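Down below is the structure, laid out as structure tokens.
These numbers come from a predicted model, not from an experiment. Atoms within each ligand, like the ligands themselves, are counted from 1 in listed order.
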Amino acid sequence: MAVDFKVIIVGRGMMGAAAARHLSGMIEGVALIGPGEPIERKSHSGVFASHYDEARITRSFDDNVIWATLAARSLDRYSDIEAKSGISFFSEVGCLFAGPHARPGDRYLGRALQVSAALDLSVETLSPAALHERFPQFSLNPTFNGYFEARRAGHINPRALVRAQTKLAEQGGVTIIDATVASVRDEGAFVEVHAGGKRYTAERVLVAAGGFSNFNDLLPDAIDIRVAARTVAFFELGEREVDIFSSMPSTIVFGDRDEDHVYILPPVRYPDGKIYLKLGGDLETRSFETLNDIGAWFRSDGDPLERDLLVSTALELMPALAGCPTTSAPCAATFTKSGYPYVGYTGSPRIAVLAGGNFVAAKSSDELGRLGAVIMTKGWLGAEDFGRELTPVFR
Ligand SMILES: Cc1cc2nc3c(=O)[nH]c(=O)nc-3n(C[C@H](O)[C@H](O)[C@H](O)COP(=O)(O)OP(=O)(O)OC[C@H]3O[C@@H](n4cnc5c(N)ncnc54)[C@H](O)[C@@H]3O)c2cc1C
């Protein structure tokens, strides 16, 4: 039977748009189906994404060699994507980790130092005194060391990266369809996709719908994920604070336990014209099993207790923020059983999945998109592409 497309990608987010761009260079007959960002978040009743923001930390320094490699391979291509799309999204302001003195192999920072040596990353270790001198904006624990990746690190604008990927995919011949998919069904010789009241057919489908992958009948088998609430706090900066904080890098500060870390984005201008410094953490435990619950979360302002905790932590770490107006926003992180993204086929040989950012995949989304494109064309991932580790786990 003649189908409308060779491949349909479901989800116009960070991974889906990247997969579309990579596929556009490999085959013809690709469609990318997904809605854009809702104009009115608080009254929107459809699906949401985890990239509706202006800044995500990027770095290769990581305690896991696979994640570090996925990030490094993506970073290699940022400038090319920027040049070809004419859309800039990468701010190379560096990334600083601050925490207790790292012993090789011990805790996050100790493991990250080993990965950094193995991948030959350029990461400078700063003594507590050097850390204070270099980054006087912070009031850190005086025993903390710094681990600073000055180049090939900083932050990306996730909205702009998705725009760039989509633009290049479209220029490469991909059909962009602005609609929410209501179902994906393997019909034997082809796959049927219903979206925006229309029916599309394809030889194969790649579902890249982030935390919404198990909803809307997108997958024949549910993937084993935990979609977790995340709250971020914003400080609206005046001129004085912009002066103080504009030279800071993206920063991650550990507490006594690795889980107690906070991440801080340097001042960034948002679409409302104001400049905000943002911070978030990894402590929230609430997770979502239904479309209604996750929708209600995305329409909220996040968790007020988490916001208060983030604000007080920020004021301890950056006392000069005192007096700045604060707001908060919700987001969702999709954690997998393996701790790695899922890139592979479901029980259907025609429907594959590309999802599971584990709270850290914005920076690596271009490489993950490439792996999704490999799955659609070659059918499997080799060891050099971490095929075994990225194998999806189903419920
Ligand atoms: C608060 C927060 C902070 C983060 N900070 C960082 C960071 O500093 N650095 C970093 O590297 N990563 C960070 N991340 C993680 C990163 O944002 C995610 O890993 C990344 O967005 C995942 O990309 P994705 O394509 O899987 O999902 P998304 O970007 O969420 O895209 C999924 C897409 O699927 C679409 N979709 C859903 N359902 C349907 C449907 N039925 N039909 C059609 N389309 C559908 C959605 O519209 C969306 O566009 C953070 C995440 C959060 C929540």
Side-chain angles (χ1 to χ4, degrees), residues 8-20 31-38 44 46-60 62 67 70-71 74-75 95 153-159 161-162 165-166 177-184 193-196 205-219 225 227-234 250-252 263-265 278-282 284 291 294-295 297-298 302 306 310 328-336 341-343 353-366 368-369 372:
I8 289 177
I9 300 165
V10 176
R12 195 149 54 97
M14 303 211 72
M15 296 189 201
L32 174 61
I33 310 184
E37 182 169 346
H44 178 68
V47 298
F48 294 85
S50 298
H51 69 265
Y52 301 153
D53 199 355
E54 297 292 307
R56 292 276 183 265
I57 295 179
T58 187
R59 56 182 161 85
S60 301
D62 198 289
W67 278 108
L70 294 171
S74 299
L75 272 147
C95 181
H155 53 92
I156 54 169
N157 180 326
R159 287 186 177 116
L161 175 53
V162 170
Q165 300 280 28
T166 309
I177 300 170
D178 188 346
T180 300
V181 173
S183 70
V184 175
V193 174
H194 285 269
V205 167
L206 180 65
V207 174
F212 291 77
S213 298
N214 279 342
F215 305 132
N216 278 309
D217 260 333
L218 302 182
L219 291 168
I225 51 174
V227 183
R230 285 292 176 271
T231 300
V232 289
F234 292 97
S250 294
T251 303
I252 296 165
Y263 63 91
I264 312 165
L265 272 301
K278 181 185 80 178
L279 100 163
D282 203 3
E284 273 169 312
L291 193 51
I294 191 172
W297 171 252
F298 268 104
E306 180 74 8
L310 288 168
S328 61
C331 191
T334 306
F335 293 100
T336 59
Y342 293 153
V343 193
V353 65
L354 169 66
N358 287 277
F359 203 30
V360 289
K363 63 177 88 56
S364 310
S365 57
D366 187 61
L368 289 166

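By heavy-atom distance, the residue among Ala362, Ala18, Ala209, Ala55 lying nearest atom 34 (O) of ligand 1 is Ala209. By heavy-atom distance, the residue among Val181, Val193, Ile57 lying nearest atom 41 (N) of ligand 1 is Val181. For the residues Pro341, Gly16, Gly210, Ser50, the heavy atom positioned nearest atom 30 (O) of ligand 1 is part of Ser50.
At distances below 3.5 Å, not a single donor-acceptor pair connects side-chain atoms of Ser364 with backbone N or O atoms of Ala361. For the pair Ser250 (side chain) and Gly154 (backbone), a donor-acceptor distance under 3.5 Å is present. Using modelled atom types, one side-chain atom of Asn358 and one backbone atom of Thr336 make a donor-acceptor pair closer than 3.5 Å. Side-chain atoms of Trp297 do not come within 3.5 Å of backbone N or O of Gly302 as any donor-acceptor pair. Remark: the backbone N or O of Lys363 is not paired with any side-chain donor or acceptor of Arg56 at under 3.5 angstrom. Panel note: side chain Ser50, backbone Ala332; a donor-acceptor pair is recorded below 3.5 Å. Between the side chain of Glu37 and the main chain of Tyr52, no donor-acceptor pair closer than 3.5 Å is present.
Looking at Ser365 against ligand 1, nothing comes within 4.0 Å, counting heavy atoms. The proximity of Ser364 to ligand 1, defined as any non-hydrogen pair under 4.0 Å, does not occur for either the backbone or the side chain.
Heavy-atom proximity to Ala208, at under 4.0 Å, picks out these atoms of ligand 1: 32 (C), 33 (C), 34 (O). Atoms of ligand 1 found under 4.0 Å from any heavy atom of Val232, numbered from 1 in the order shown, are 1 (C). Each of the following atoms of ligand 1 lies closer than 4.0 Å to a heavy atom of Val10: 42 (N), 43 (C). Ligand 1 places these atoms under 4.0 Å from at least one heavy atom of Thr180: 40 (C), 41 (N), 42 (N). Here is the list of ligand 1 atoms found below 4.0 Å of a heavy atom in Asn216: 41 (N). Heavy-atom proximity to Phe212, at under 4.0 Å, picks out these atoms of ligand 1: 37 (C), 38 (N). Distances below 4.0 Å separate heavy atoms of Gly11 from the following atoms of ligand 1: 34 (O), 35 (C), 44 (N).
For atom 26 (O) of ligand 1, the closest non-hydrogen atom of the protein is Met15 CE, 3.4 Å. Of the protein's heavy atoms, Pro35 CD, 3.4 Å lies nearest to atom 44 (N) of ligand 1. In terms of protein heavy-atom proximity, atom 2 (C) of ligand 1 is nearest to Phe359 CE1, 3.5 Å. With respect to atom 53 (C) of ligand 1, the closest heavy atom belonging to the protein is Cys331 SG, 2.3 Å. The protein atom (non-hydrogen) at minimum distance from atom 17 (O) of ligand 1 is Arg56 NE, 3.0 Å. Among protein heavy atoms, the minimum distance from atom 39 (C) of ligand 1 is reached at Val47 CG2, 3.8 Å. Closest to atom 23 (O) of ligand 1 among all protein heavy atoms lies Met14 CB, 3.7 Å. For atom 3 (C) of ligand 1, the nearest non-hydrogen atom of the protein is Tyr263 OH, 3.3 Å.
Among the atoms of Lys363, some N or O lies under 3.5 angstrom from an N or O of ligand 1. Among the atoms of Val360, some N or O lies under 3.5 angstrom from an N or O of ligand 1. For the pair Ala332 and ligand 1, the shortest N or O to N or O distance does not fall below 3.5 Å. Considering backbone and side-chain atoms alike, Asn358 places every N or O at 3.5 Å or more from each N or O of ligand 1. Between Gly34 and ligand 1, a contact under 3.5 Å exists for no N or O pair. The N/O atoms of Arg230, backbone and side chain alike, include none that comes under 3.5 Å of an N/O atom in ligand 1.
Within the structure, the closest approach of Pro158 to ligand 1 does not fall below 4.0 Å when heavy atoms are considered. Heavy-atom separations between Phe215 and ligand 1 are all 4.0 Å or longer.
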Walk me through it: do Phe212 and Leu291 pass the test side chain to side chain contact (heavy atoms under 4.5 Å, CB included)?
-> CA-CA 8 Å; Phe212 291 77; Leu291 193 51; 3.6 Å; yes

What's the verdict on side chain to side chain contact (heavy atoms under 4.5 Å, CB included) for Val232 and Tyr263, showing C-alpha distance, side-chain angles and the deciding distance?
-> CA-CA 10 Å; Val232 289; Tyr263 63 91; 3.4 Å; yes

Start with the C-alpha gap between Lys278 and Asp53, add the side-chain angles, then the distance that decides, and say whether side chain to side chain contact (heavy atoms under 4.5 Å, CB included) holds.
-> CA-CA 10 Å; Lys278 181 185 80 178; Asp53 199 355; 2.5 Å; yes

How far apart are the C-alpha atoms of Cys95 and Ile57, what are their side-chain angles, what is the distance that settles it, and do they pass the side chain to side chain contact (heavy atoms under 4.5 Å, CB included) test?
-> CA-CA 8 Å; Cys95 181; Ile57 295 179; 3.9 Å; yes

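Rounded to the nearest 0.5 Å, atoms CG (Asp217) and NE2 (His194) are 10.5 Å apart. Atoms CD1 and CG, on Ile252 and Leu279 in that order, are 11.5 Å from each other to the nearest 0.5 Å. Atom NE2 of residue His51 and atom CE of residue Met14 lie 7.0 Å apart, to the nearest 0.5 angstrom. In this structure, CD1 on Ile156 lies 5.5 Å from OG on Ser365, to the nearest 0.5 angstrom.
Each of Val184, Val205, Val181 was compared with Ile33 under the side-chain contact (heavy atoms from CB on, under 4.5 Å) criterion, and only Val181 meets it.
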